[in-house]
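Each chain gets a letter, A, B and so on, in the order its sequence line appears, and its residues count up from 1. Model, not experiment: these values are computed from the prediction.
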Amino acid sequence: MNFLLHAPILQIVVPLLVAPLIILLRNRHIAWGLAMASTLATFLFTLHLFLTVNETGEAIIYELGNWPAPIGIVYVIDVANAYVLPLIAGVSAIATFAARGLVNAEIDIRDHSLFYAAWMLTIAGMLGQVATGDAFNIFVFLEISSLSAYALVAIGAGNDRRALPAAFNYLILGTIGATFYVIGVGLLYMVTGTLNLVDIAQRLPAIGDTHTGFAALAFISLGMFLKMALFPLHFWLVPAYSYAPSVVSALMAATATKVSVYVLIRILFGVFGVDFPGMDSLLGVVLLGLGVAGALIGTVAAITETDLKRLFAQSSIAQLGYMAIGLGLATKSGLAATFINLFNHALIKGAIFLALGAIAAQLGRVTMSNIQGAAKQIPMTIAAILFGGMALIGLPLTAGFISKLYLLRAILEEGAWVVAVFTVMSSILALIYVWKIIEVAYLNDRPKGAPVLTETPAQWISAWVLVAATIYFGVQAEIIVDAAFSAADLFIGGNQ
Amino acid sequence: MSELILALLFLPLLAAVTTLLFRETPNIRDGASIGIGVLTAICSIQLFEMVQAGQSETLVLFAFAPGLSIGFTPEPLGALFALVAGCLWPLATLYSVGYMRGAKEKNHTRFFTFYAIAIHAAMGIALADGLITLFIFYEILTFSTYPLVAHKGNADAKSSGRIYLGILVTTSVTMLLLGIIAVWAIGGDLTFREGGVLADHLDPRFAPILLALFAFGIGKAALMPFHKWLPAAMVAPTPVSALLHAVAVVKAGVFSVLKVVIYIFGTDFLLETRASEWLIWIACFTIIAASLVAMSKTNLKARLAYSTISQLSYIVLGAAIASSIAVQGAALHIAMHAAGKITLFFCAGAIYVAHHYSDIKDMDGLGRRMPITFACFALGALSIIGIPPLGGSWSKFMLMMGALDAEHVFVIFVLMASSLLNLYYLGQPVIRAFFAQNTGETGFSEAPVAMLIPLVITAGMTVGLFFYADYFILSFKGVTP
Amino acid sequence: MNLSILIAQWNYVIVIALMMIGFYTVIARGNLIKKMVGLNIFQTSVFMLYISMGKIQDGTAPILSDDPTMIYSNPLPHVLILTAIVVGVATTAVGYALIIRIQESFDTIEEDEITEALNEEALAERLAEQH
Amino acid sequence: MNFFVVDAFLMVLLTIIGVMAVKQHRLFGVIILSGSYSLVAATWFVVLDAVDVAFTEAAVGAGVSTVLALATLSQVRSNEKKRPIEPLALTVSIGAGLLLLLAVMDMPLFKDPSAPVHVHVGPHYIGESGAEIGVPNIVTSVLASYRSFDTLGETVVVFAAAVSVFLVLAGWTRKRKSKDEA
Amino acid sequence: MHDDPVIRVVSKVLIPTIMLFGLYVQFHGDYGPGGGFQAGVIFASAFLLNAIVFGMNKGRHVWSPAFNLQCIALGVLVYGGTGIAGLLLDGNFLDFNVLLANPVAGQHLGILLVEFGVGLTVASVMVGLFFAFASRPAHNRLMHQEDTRLLKSSTEATAEPTTTGASVSKKGEVKK
């Protein structure tokens, strides 16, 4: 039999079933080996999907249990999620590689197999949400990834007790978000009688302008806003990211919120469609407004932070603001901008948090004061943070530049000068906190008696793979931009 | 022709590499970079002549996103800028060798490496075929000059470096980038085109705003109120101030403004919409204000810095007037002012190395001890002031002509006034040096010969430029004669 | 809004009311166990929403019998809710586990007291930063 | 008619229990109330023909959750700190409630046979599952075959819960560092 | 309460009955209400009763945490394996028609296996959760003894003593 034929499902099933296998074997070395192998395999599967889908241009439909939609659950791999899947799988693979060292440093040796099991479940859950074509199946996989994510956060970097309330709040808000989503899906099911996204999309227009439809839209959006930590529903994110074990922060900062953003896009544009009654106000007012506010407030908050994990967590809020802005424009180029941003930001934040992790593994926490002059002792690690920061600001020849370019272009195409000014403002404010780090790490001298930092290629290579990707996609953005636009085209055809 | 473009772009990089390779043997290191500099100069001259002869060719390095590519198209203005930077670089390098050794500066290798990279960036800006390429090299230039500004590494240098980077990056990443993307969104294209990209897409009411984004966004043009970085940059060793902050960097700024006015907006468009009226006022204000500040400075380099700010606004002014003669005058002024100002800085550096004087008060009677230096200083100063038979007079004259046929009579008076101010604050040091009584010991003591040669040559240029000015009068297409 | 519909649909109205009782408890109450209970009520009410939509006029449980005229309620919501219940209890288990750990390390499960402790730590850290 | 009576009775009961659970400050009482809430809900599910759901809700909502809650309670302070009503939370939840009431406006009528859910996908299960699966309990065939991928997910969720709980509780013996100790 | 004869006798009778009922619910799920999940919970309750009445340690002898974890994993793998089987028999993932020559029989077999997987996982998870909550410190220690034993038996060359495991791993592994 041809495995590639089943790539759409294997990409999920492999990591999903590796988790129990890890538990069965209960050996931390085998555990990491399995995790590494399966994430790599998953990455290859997703890559294959990406290539085939972009080659043929039409979606792959995989009927689980051979039951056709809407009777059964189907996976639909189209240009949109074929674009997101390799990103998640790839970043996961790199993070898993880094996990080898970071987990040894930060997590009790007796918990490793449990850790890797939860780790794999998170990854599988995220991929599942993206790949599935069934509204309720999204919820199930959302819970798989969330549940294990709560636990991963709760472990806490170096058993930091503050990770516990962080994880609990994350759990409460995450569950509320998921429940809201379920309510929304329930209402949709009530008026359409089906759970298959495509089927719902086809039947919604017939229902026309109903309060029920609007309520469904509102609840699903709210749920996803919570999950993607859109300002002002972002309060769970910062503690969760900053107290979690470094490698967990890296994985989540890079992928978790992106998945929710994608699901939101899929539901808003793929199911309801821009012409759905009430949509224009949701996008043009709510998403755009919250996006701008988040972009500004997130950056300002980042400037005030002295803990680097918190700082970059705050900047994630800002970045999510940018993505929201892209969606709020409700144009093809706006959506494409969000897709580009989604991809690049995943790379950038992954790189930064992995680098931070390499330091946190030695210092416990990474703060402005305890990385003074670190550049001389761990040049590669600090350089990775430096490059990441430059990409966050959006300097040329980094992927961040491309994101900003297309976002601003999309904004200006709509003539939304005010939004453009705010966006630019927040990106220039980003310069301040990045510069603070550079000055502390490069220009200051390491104080006497400060612990000596060390680095080995094994510690920085994974961060640098992502940095290299950031630079490569800043210089060769063609692939990403094209893919993003074709993805956007799937949801908003026609206009420009 | 494309070989020439590649040569101009990568010879400086090559110089940077050789500098790094031979960091152990200073003489080979510096010799190599001077040699490469001479090569670059020759290439730039050839390119300029080919372009003046009307040849043109586009070289696309690579496309990094759909419709966005790093590409180069030499056109008269760019070739002129390349010529100026290319010819002055080897001189400046030779001078730097003398200076860095004379003034006992450290980290020579780092210095020369970034020096070369900066020239590479300047060349990129000069030959850029569109706004994106221009923007990218603009940023490279900013970041490659930061280590040079903060070269001394003391607290003073650091804080000045912060101001330098802060202003240049902020302005460029906010306003300039916004403007570029606005052009992209409105005109749908970012490559320079004769007659402009926006001509028939842009609503005239927005034109002034968009122009403002560029005029202020290009912080390197040092238009007030975004000029503070230039005085701050003076903490750098004098060769940096000489080549970069009198020629490469600041000229890159005004050059970009000219490019935008000519090839993005289109001078005709600006003329008929009068969208650049307000910029004339800003430029005039900067000219006068900067001159007044310069008078108040007694530190020679600071005074030269403010004089530079004022002179740069001449070029912005020409762009703002946007009549063909004015634009040509502005372009000419790039060359003229370059020759003059670099001479002045060379002299300032020579004085510093020879006697560690940087304040004008200390220079009483110094002219008798360093006659060559001060003679050259006088030439440079007169050229800046615009007195025949020195190069500066032409560009000033053309700017006045341009102002006249665009009916901006008050501009004439502004230019007059600024000339008088120049006369005062540039003349003063010379007068004091030659005629004031000095109490200290007398006797001939000049700076090292490696520094004298370049400054004599550049001083000679100021004279030569007067007679061969027509060689630099550019024939723009798409600018109504 | 049109009240007659609400009366006709009173079943849904009550379900919604229950939902909001639960929701309020989750977000308003500071005691972590109370939060979890609220979550339980909230989710159970959502289950009820689904089950109500599956009910059909004089239908019976969806277990096939030989009588062809039999009307069955829609099994799909039942299946979904079976899954949802399990997911719910899974979340609850993790939640309670976290509560126990919080009690262990903070010696309280009242939100405001935990926040207090956290703020003190943050303050101590700020001071450490300055020195 | 008697359906209406039972339905109404259970609904009222649920409301009462719900309100009591919120007002009650003794956590033991709260937990027992939430358990009984699930139990009543289970009964209500039976009335609405959802026997499997009822079964599960009784076993889980009333059983497992309550046990876990009590196990937790044995470790903590047994009374909730009294708090005033939170106006913000109240408005938020009332807002959400109103939004849902709005949704009720255009909902298909309760028990209406012509509702979309009863005409689109559901009938296929009822009509065809006998032939396609051959299992009388339609819920089982949908659960285990038509939507068995959901059920796989469900099983994995249970598994994930176990892994997570073990991860979280394993650290019990290892005391948590608070900053001053660190 | 461990030495209350009535409870002991009653539960001695009750436990097998509960298990039997659990099995009934498990396999009668196709015909009446019930299925893997409910059965799992019921089955677990039998163990819990055993543990409550005859004491935690007794209960743990019957069902050791490590074994418990393995059962949890096995259940999921059984389910997934059934899916993979369908995939290997040239069907789609979780395609039961291809399991046997006769599709309906295939469906039966598939559902049976799947439900068994669910039951196994749920039952063992419930037991595990109960132990984890009810008697955690002891349960925890014991679980970790299991762990380290397994670790030693596995390729773990430098198996640190359980108690100092964390600190040693911190010192030993980061710096190298």
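Aromatic rings of F219(A) and Y181(A) (six-membered ring for Trp) have centroids beyond the 6.0 Å cut-off, not under it.
Proximity to chain D (any heavy atom under 4.5 Å) is shown, for Y116(A), by neither the backbone nor the side chain. Both the backbone and the side chain of A96(D) come within contact range of chain A, each with at least one heavy atom under 4.5 Å from a heavy atom of that chain. Heavy-atom distances place both the backbone and the side chain of L147(A) under 4.5 Å from chain D. Of the atoms belonging to N66(A), not a single heavy atom falls under 4.5 Å from chain D. Residue I73(A) touches chain D through both its backbone and its side chain, counting heavy-atom pairs closer than 4.5 Å. For A19(A), the parts sitting under 4.5 Å from any heavy atom of chain D are the backbone and the side chain alike. Contacts of L16(A) with chain D are made by side-chain atoms alone, with heavy-atom separations under 4.5 Å and no backbone atom involved. Using a 4.5 Å cut-off between heavy atoms, F139(A) makes no contact with chain D at all. Of the two parts of A160(D), the backbone and the side chain both hold a non-hydrogen atom closer than 4.5 Å to a non-hydrogen atom of chain A. Within the 4.5 angstrom heavy-atom criterion, only side-chain atoms of I23(A), from C-beta onward, approach chain D. Y189(A) touches chain D through backbone and side chain together, each having a heavy atom under 4.5 Å away. For S145(D), the parts lying under 4.5 angstrom from a heavy atom of chain A are both the backbone and the side chain.
Contact between I207(A) and T192(A) at its shortest, heavy atoms only, is CD1-CG2, 4.0 Å. When all heavy atoms are compared, the tightest approach of L152(A) to A118(A) is CD2-CB, 3.8 Å. Scanning all heavy atoms of the two residues, the minimum distance from A361(A) to A105(A) falls at CB-CB, 3.8 Å.
Comparing E132(D), H118(D), E154(D) by how many heavy-atom pairs each has under 4.5 Å with chain A, the most go to E132(D).
The closest side-chain donor-acceptor pair between D134(A) and T132(A), if any, does not fall under 3.5 angstrom.
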